Protein chains: 2
Amino acid sequence: MAQWKTVGNGMLEGISQVADLDASKLTVTLAKTLKPIPPHETLTFGNTMSDHMLIAEFDPESGWSSPEIKPYAPLNVYATSSCIQYGTTAFEGMKAYLGPDGEPRLFRPDMNMARLTRSVDRMALPPFNTDQVLALIKQLILVDRRWIPLASEYSLYVRPTVIGTGTGFSVAASDHATLCIMLSPTGPTSAPASKPISALAVSETVRAWPGGTGGHKVALNYSPGFLPLRVAQKQGYEQIIWLLGDDMKLTEAGAMNLFVAVARDDGGIDLLTPPLDGTILPGVTRDSVLTLANAHTARETTLPGLEETLHLHTHERPFTMTDLLRWSADGKLLEVFGVGTAVIIASIGKIGFKGEDIILPTHEGGLGPIAKAFRTRILDIQEGREQWKNWSILVNEL
Amino acid sequence: MAQWKTVGNGMLEGISQVADLDASKLTVTLAKTLKPIPPHETLTFGNTMSDHMLIAEFDPESGWSSPEIKPYAPLNVYATSSCIQYGTTAFEGMKAYLGPDGEPRLFRPDMNMARLTRSVDRMALPPFNTDQVLALIKQLILVDRRWIPLASEYSLYVRPTVIGTGTGFSVAASDHATLCIMLSPTGPTSAPASKPISALAVSETVRAWPGGTGGHKVALNYSPGFLPLRVAQKQGYEQIIWLLGDDMKLTEAGAMNLFVAVARDDGGIDLLTPPLDGTILPGVTRDSVLTLANAHTARETTLPGLEETLHLHTHERPFTMTDLLRWSADGKLLEVFGVGTAVIIASIGKIGFKGEDIILPTHEGGLGPIAKAFRTRILDIQEGREQWKNWSILVNEL
């Protein structure tokens, strides 16, 4: 029996002697026929799956099963399963890119694994050693490496998912679980990156709230937004900016973290994003933008297209629609953009609020200079053209 | 093509010409071997499934498929399905009882169907005519009627579930869905009804909030409570009372609606439950308790064991832990109980809050006179011994 690796709250000591996830026990069953790979220009986010997936199952008596790579196929899941009846799913989103050396790499996978541990814990699902998950992701990517698109800004999206598979209608934690890792070749975004998106600021429905699960990557954070998104789209907006509280704090944009760039009187720029107070997803791209902005200001690096003397003052603090309207009226609102693994950086060009639109300055190519600087640099790192703080990890070195 | 029945917000007019759910197209494939029925004393909530289930599938091109009753079995669901990745599940809980005439009946199924329509709508899932769902529930119960336990307080739990089965990782409404109706013979509660439960009042995690989904019966309301429940159970409590806001309003108890009975100076009793402000599930049992209390006070009925002159003053209004502590200190806090389809009525005997316990008066048999009156009367109606406002519907008359 492997030594159990407990997670944050130590809630699972009662089953601490069952088998942990063990990548060395991996078995591989290859698909008999491989699917044709579609031209990368036709790829949209998450609609094409590779040939294989990875499965491991948790049983409370024996622990985690030997993981298996096998042909991508439906799961046999009872409709009474916890994940279907009560929404016990935690997941991650990562991307594998091919570098100039032709080798696949992942971007800051340690951050995804730390967040997965917290999300699994929040759903009261059985924990596992995430080093083993990374080793399994490596094996799966190597089996399906022909699915990594060659073109820049295209990548192989990796979706590790942990679902509660305990059956019965008891309203309590699931004692069974399945880890399923899937791969999906994908383009840079669903919309062309060159075109800013429009977003409706919404306060009637609330994405996340203090004491809720907004700070975790769990399935249940997403479906409550589908109806409001449909309503916003009928009003001509592509996305939603989620507001919170009577003071209408901005929190996230769709499923993206949100940044606002505001001109300062001293010639610098305030770069604001809401703080990680439990209502905001601790995004990997969010953290990367903050880190790169601070590094630029500290002259540790020069972000592409920005003056090296430009001071980007980062702030993780709440800001409201009142702030946004004032900055806009004062001509200080430079850029608003969403960031996330799927989209990297998406400019927001118009924000609807109470029947009026806040219009952002337009820029050739769609992205403003701040958003473009981050997007260019992050892609340079993800695609292995630049190295920075060991953020890009060769899959072979996992 | 059947005429489409649109739901509340009319968001689905674009696909309004596809087939609606049609019970007349039902096909039945019986199990080759039937399972033995366990002794009813061994049944716990939701752990035993009957022989069959009902399935219908929605496709955006053709609408709802012909429904099918077939042997209970796992579903073939891709791990990329919306219900697994983003928590798009709406469901209902109902119970079929055998009456003294040996005929199965359901309790106020119209309320479940109206709520299911709202829940499906909130999840942006495809709508359907719930008259057809009731007709299908009838057929399924008749196929599996040998699974309805004969003993009083035992019943056949009915769980209609609608899940999003659209695949791909796009963060938007599912365009495919499956309706799955399952049957599970069950006992009166998981704990003996004769023993009051203990509950920890929790404010660090929040079950539901204004602008959220707490007023709908959707999967995602439940899993966020599993970790806090585990924490509460480690502290020796069986359930949680969910608090909301800085003033610590009481909202629900576990997955039950919450009632408090407080003595009035005029000899009457105030019966309080939180209002349906969007954070509270509009429970069928909750509504039944309020209706019966008002009928008792109006002398339209006399609830078992209560003085016919007793005035029960019902209030759907917020109340806080400060209120509860004051009522308890003044000796006016008579009873606290949770209500719901699964449990009917469950007395709460102890409430933990900030390291102290509020202890409720004890009663022989566990239930206080108010809780017992409602439990007895509701069971009498559910099991067909009493008729009241046509709440108990013969399955054959659906």
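Note that the structure is a prediction, hence the values are computed from the model and not measured.
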*Under the side chain to side chain contact (heavy atoms under 4.5 Å, CB included) rule, what do A/Tyr78 and B/Leu75 come out as? Steps first, then yes or no, please.*
CA-CA 6 Å; A/Tyr78 282 97; B/Leu75 306 179; over 6 Å; no
*Side chain from CB out, backbone as N, CA, C, O: work out which of these in A/Ala90 comes under 4.5 Å of a heavy atom of chain B, or both, or neither.*
neither
_Between A/Thr89 and B/Gln85, is there a side-chain donor-acceptor contact under 3.5 Å, judged purely by atom types and distance?_
no
*Picking from A/Arg159, A/Glu204, A/His216, A/Met123, which has the most non-hydrogen pairs under 4.5 angstrom with chain B?*
A/Arg159
*Does the side chain of A/Thr80 reach to within under 4.5 Å of the side chain of B/Met53, using non-hydrogen atoms?*
no
*If every non-hydrogen atom of A/Ala219 is compared with every non-hydrogen atom of B/Gly87, which pair is closest and at what distance?*
CB-N, 3.8 Å
*Are any of the side-chain heavy atoms of B/Pro74 and A/Val77 separated by less than 4.5 Å?*
no
*Could you tell me the separation between the CG atom of B/Asn76 and the CG atom of A/Asn76, rounded to the nearest 0.5 Å?*
5.5 Å
*Side-chain heavy-atom pair B/Ser223, A/Arg122 within 4.5 angstrom cut-off*: no
_Side chains of A/Pro210 and B/Val206, heavy atoms from C-beta outward: is any pair under 4.5 Å?_
no
*Quick one: what part of A/Ile163 sits under 4.5 Å from any heavy atom of chain B, side chain, backbone, both or neither?*
side chain
*Is the A/Phe169 ring parallel, tilted or perpendicular to the B/Phe45 ring (thresholds 30°, 60°)?*
tilted
*Backbone N or O of B/Ala173 within a donor-acceptor pair of the A/Arg230 side chain at under 3.5 Å?*
no
*Chi angles and distances behind the side chain to side chain contact (heavy atoms under 4.5 Å, CB included) call for B/Phe226, A/Val171*: CA-CA 8 Å; B/Phe226 295 168; A/Val171 183; 3.8 Å; yes
*Calculate, to the nearest 0.5 Å, the distance between atoms OG1 and CG belonging to B/Thr88 and A/Leu220 respectively.*
11.5 Å
